[in-house]
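Take a look at the structure below.
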Amino acid sequence: MNAFEIAQAQFDDIAAKIHLDPAVASVLRWPVREFRFQIPVRMDDGSIRVFFGYRVQHNDARGPNKGGIRFHPSETLDTIRALAMWMTWKCAVADIPLGGGKGGVAVDPATLSTGEKERLCRGWIDQIWKNIGPRLDVPAPDVGTTPQMMGWMMDEYTKMTGAYNPGVITGKPVGAGGSLGRTEATGFGVIYTLREAMKHLGIDPTKTTASVQGFGNVAQYACIGYSKFLGGTVVAVSSWDRLDNTSYTFYKKSGIDAVFLQSITDIYGSIDKEKAKSAGYSVEPGEAWLAKEVDVLIPSAIEAQITAESVGSISTKVKIVAEGANGPTTPDADKVFKERNVFVIPDFLCNSGGVTVSYFEGVQNDMNFYWSRDEVLSRLDDKITEAFKAVLDVAEGQKVYMRDAAYIVAIDRVVRAMQFRGWL
Ligand code: NAD
């Protein structure tokens, strides 16, 4: 099954459970619009190389499409379609007035010079600028793209339209239309949902321990937030080592120091293992993070990391899984969580802090007035707490699993918007 087939299967499953009108389901299981285009780029050696770019707009009933642009060698129309559909559910569950979209280019950005990357970013906009915009579709960074690239893209769009239009894209650098608090938003959002889950389960967060997969943007701020906001202890993080081409787990029984580990981590999220060892961390195999005897697991690296094969190694002590990453749990492993009564905070609720602050960035761009970091984070906390409560109410009221409850809330909001607009 490819990613889009998985996204459709998840949707079909929940649509059947909630007896969604088949005509409505047939609209929602496909994107509304898709674009595939050629981007010829002048390379540094004078040759022309043709790249293929994509933009998929899954559903815009609730507002302009929203979603990142991936630069990744294995990007296909189907991966982008899946991610666009998941964005529709994420924006709806977060209750922000945006739809779902995603874009990409099949390329490994590490093989391009800075100039080539800039020309590719500008070329992507040149091909699609008529079909995106602050009121149409608002891209953002994702895997392989950076705030600098968003700056080039915003500049190119501004040139094409002849007016300063920072709201066309989010995730821009602060000082060029970006929002304070965006860097921390996803990781801190994960922690706000965990705080609410612990309240609901009657768990004292200060007595809890956690193990985290990944040590990139999401994981770093989830680790910092775990001690800062919950007073709990993260004992292990894992990360991918680019030199050894494998992953390692960094463990310290008394608790990791996330700020120290950040200082010895490169921009791709690889931790320097020699420096970690000198600071008293034990360096263990990559999968060790999953088997730690902890109360909370926070998978925050990549998709499909907790599988039918690996789920058995999880300690019976684990009470909560907070999915910082997109799609970290395969459907087979998810069944085991259900049976074991593990409280799962599903990905598109748990990691919705990033898109929520992206939405705040667009709001600030519209006003041309910028909030303080504290204001951004306090609005994020309010929004994500409300989203968590809406999902929990459905889970409790209808006695369903949290992931199913999140789908029910999201699909219901999108369908109602489609009805209000007379699409159905
Ligand atoms: P990132 O590239 O900054 O970090 C990824 C981390 O995962 C790195 O530390 C890397 O070493 C590690 N990693 C990769 N493969 C691994 C493996 N097999 N074992 C252990 N560690 C591994 O990415 P990020 O922005 O932190 O995103 C992480 C996940 O969260 C992705 O699924 C992403 O789609 C999702 N997400 C991110 C945001 C955001 O705002 N950054 C928002 C929503 C969802």
Side-chain angles (χ1 to χ4, degrees), residues 3 66-72 75 79-80 82-84 86-87 89-91 93-94 100 102 104 109-110 140-147 150 170-171 178-179 181-190 193 211-224 236-250 258 261-262 264-273 276 283-290 297-307 310 322-329 345-361 380 384:
K66 183 88 194 87
I69 305 169
R70 278 194 175 184
F71 280 11
H72 193 273
E75 224 51 76
T79 57
I80 304 280
L83 292 160
W86 287 324
M87 283 308 294
W89 313 138
K90 192 180 296 192
C91 292
V93 93
K102 206 82 181 187
D142 201 275
V143 175
T145 52
T146 61
M150 300 304 109
T170 61
S179 175
R182 176 62 186 88
T183 310
E184 309 88 309
T186 310
F188 282 6
V190 168
T193 63
S211 180
V212 177
Q213 189 190 29
F215 201 62
N217 174 261
V218 179
Q220 289 176 18
Y221 289 97
C223 290
I224 289 171
V237 298
S238 79
S239 80
W240 188 258
D241 189 297
R242 287 183 311 115
L243 298 177
D244 296 355
N245 215 14
T246 187
S247 58
Y248 294 107
T249 295
F250 297 80
L261 287 181
Q262 240 180 345
I264 59 165
T265 299
D266 70 14
I267 54 161
Y268 303 101
S270 289
I271 299 172
D272 184 323
K273 51 182 188 310
V283 179
E284 303 177 6
E287 59 282 4
W289 76 280
L290 193 61
L297 292 175
I298 313 180
S300 303
I302 50 168
E303 63 282 351
Q305 292 302 296
I306 307 178
T307 62
S310 65
E323 295 183 330
N326 284 319
T329 310
I345 310 173
D347 49 4
F348 65 89
L349 168 65
C350 191
N351 68 33
S352 63
V355 76
T356 300
V357 172
S358 282
Y359 160 60
F360 293 162
E361 182 177 329
L380 169 64
I384 213 159

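Note that ligands are numbered from 1 as they come in the structure, with each ligand's atoms numbered from 1 the same way. On a predicted model such as this, the values are computed, not experimentally measured, just so you know.
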Checklist line | For atom 24 (P) of ligand 1, closest protein heavy-atom neighbour | finding: Val218 CG2, 3.9 Å
Check: Distance below 4.0 Å between atom 19 (N) of ligand 1 and any protein heavy atom?
Finding: yes
Notebook entry, point to check: Any protein heavy atom sitting closer than 4.0 Å to atom 41 (N) of ligand 1?
Noted result: yes
Margin query: Below a 4.0 angstrom heavy-atom separation, can you tell me which part of Thr186, side chain or backbone, both or neither, approaches ligand 1?
Written below: side chain
Item checked: Closest non-hydrogen atom pair between Gly324 and Cys350, with its separation -> N-SG, 4.1 Å
Note to self: Under a 4.0 angstrom heavy-atom cut-off, which atoms of ligand 1 come close to Gln213?
What the structure shows: 17 (C), 19 (N), 20 (C)
Check: Can you name the nearest heavy-atom pair linking Ala322 to Pro299, along with the distance?
Finding: O-CD, 3.2 Å
Margin query: As a check for students: among Gly171, Ala185, Ala325, Ser358, identify the option with a heavy atom nearest to atom 30 (O) of ligand 1.
Written below: Ala325
Notebook entry, point to check: Yes or no on side chain to side chain contact (heavy atoms under 4.5 Å, CB included) for Leu261 and Val237, after CA distance, side-chain angles and deciding distance?
Noted result: CA-CA 10 Å; Leu261 287 181; Val237 298; 3.9 Å; yes
Note to self: side chain to side chain contact (heavy atoms under 4.5 Å, CB included) for Leu83 and Asp142? Distances and angles first, verdict last.
What the structure shows: CA-CA 11 Å; Leu83 292 160; Asp142 201 275; 5.6 Å; no
Next item on the list: Just go through Ser238, Gly216, Gly214 and tell me whose heavy atom is the nearest to atom 12 (C) of ligand 1.
Entry: Gly214
Next item on the list: Please lay out, stage by stage, how Thr79 and Lys102 fare under the test side-chain hydrogen bond (donor to acceptor under 3.5 Å, both in side chains).
Entry: CA-CA 9 Å; Thr79 57; Lys102 206 82 181 187; over 6 Å; no
Next item on the list: Heavy atoms only: give me the nearest Ala219-Ser300 pair and the separation to one decimal.
Entry: CB-CB, 3.9 Å
Check: Which residue holds the protein heavy atom closest to atom 29 (C) of ligand 1, what is that atom called, and what is the gap in Å?
Finding: Ala301 O, 3.2 Å
Next item on the list: Would you mind running through ligand 1 and noting each atom that sits below 4.0 Å from a heavy atom of Lys90?
Entry: 43 (C)
Notebook entry, point to check: If you measure from each heavy atom of Gln220 to ligand 1, is any distance below 4.0 Å?
Noted result: no
Check: Going by heavy atoms, is Gly286 under 4.0 Å from ligand 1?
Finding: no
Notebook entry, point to check: Who's the nearest protein heavy-atom neighbour of atom 2 (O) of ligand 1, and how far?
Noted result: Tyr268 O, 4.7 Å
Note to self: As a check for students: among Ser239, Ala222, Ala140, Gly68, identify the option with a heavy atom nearest to atom 21 (N) of ligand 1.
What the structure shows: Ser239
Notebook entry, point to check: Can you tell me the protein heavy atom closest to atom 11 (O) of ligand 1 and the distance?
Noted result: Trp240 N, 2.9 Å
Next item on the list: Please name the pair of heavy atoms, one in Ser352 and one in Ile384, separated by the smallest distance, quoted to 0.1 Å.
Entry: OG-CD1, 3.7 Å
Notebook entry, point to check: At a 4.0 Å threshold, what atoms of ligand 1 neighbour a non-hydrogen atom of Phe215?
Noted result: 6 (C), 8 (C), 9 (O)
Notebook entry, point to check: Could you go step by step and tell me if Met150 and Thr145 meet the side chain to side chain contact (heavy atoms under 4.5 Å, CB included) rule?
Noted result: CA-CA 8 Å; Met150 300 304 109; Thr145 52; 3.8 Å; yes
Checklist line | Which of the ligand 1 atoms, numbered from 1, are nearer than 4.0 Å to a heavy atom of Ser300 | finding: 28 (C)
Notebook entry, point to check: Nearest protein heavy-atom contact for atom 32 (O) of ligand 1: which residue, which atom, what distance?
Noted result: Asn326 N, 3.1 Å
Item checked: Contacting atoms of ligand 1, where contact means under 4.0 angstrom from a heavy atom of Ser247 -> 19 (N), 20 (C)
Notebook entry, point to check: What atoms of ligand 1 come closer than 4.0 angstrom to any heavy atom of Arg182?
Noted result: 40 (O)
Margin query: Can you report which non-hydrogen protein atom sits closest to atom 3 (O) of ligand 1, along with the distance?
Written below: Asn217 N, 3.0 Å
Next item on the list: Provide the closest heavy-atom pair for Leu380 versus Gly353 in the form atom of the first, atom of the second, distance.
Entry: CD1-CA, 3.6 Å
Item checked: Taking every non-hydrogen atom, the tightest pair across Arg182 and Thr186 -> NH1-OG1, 3.6 Å
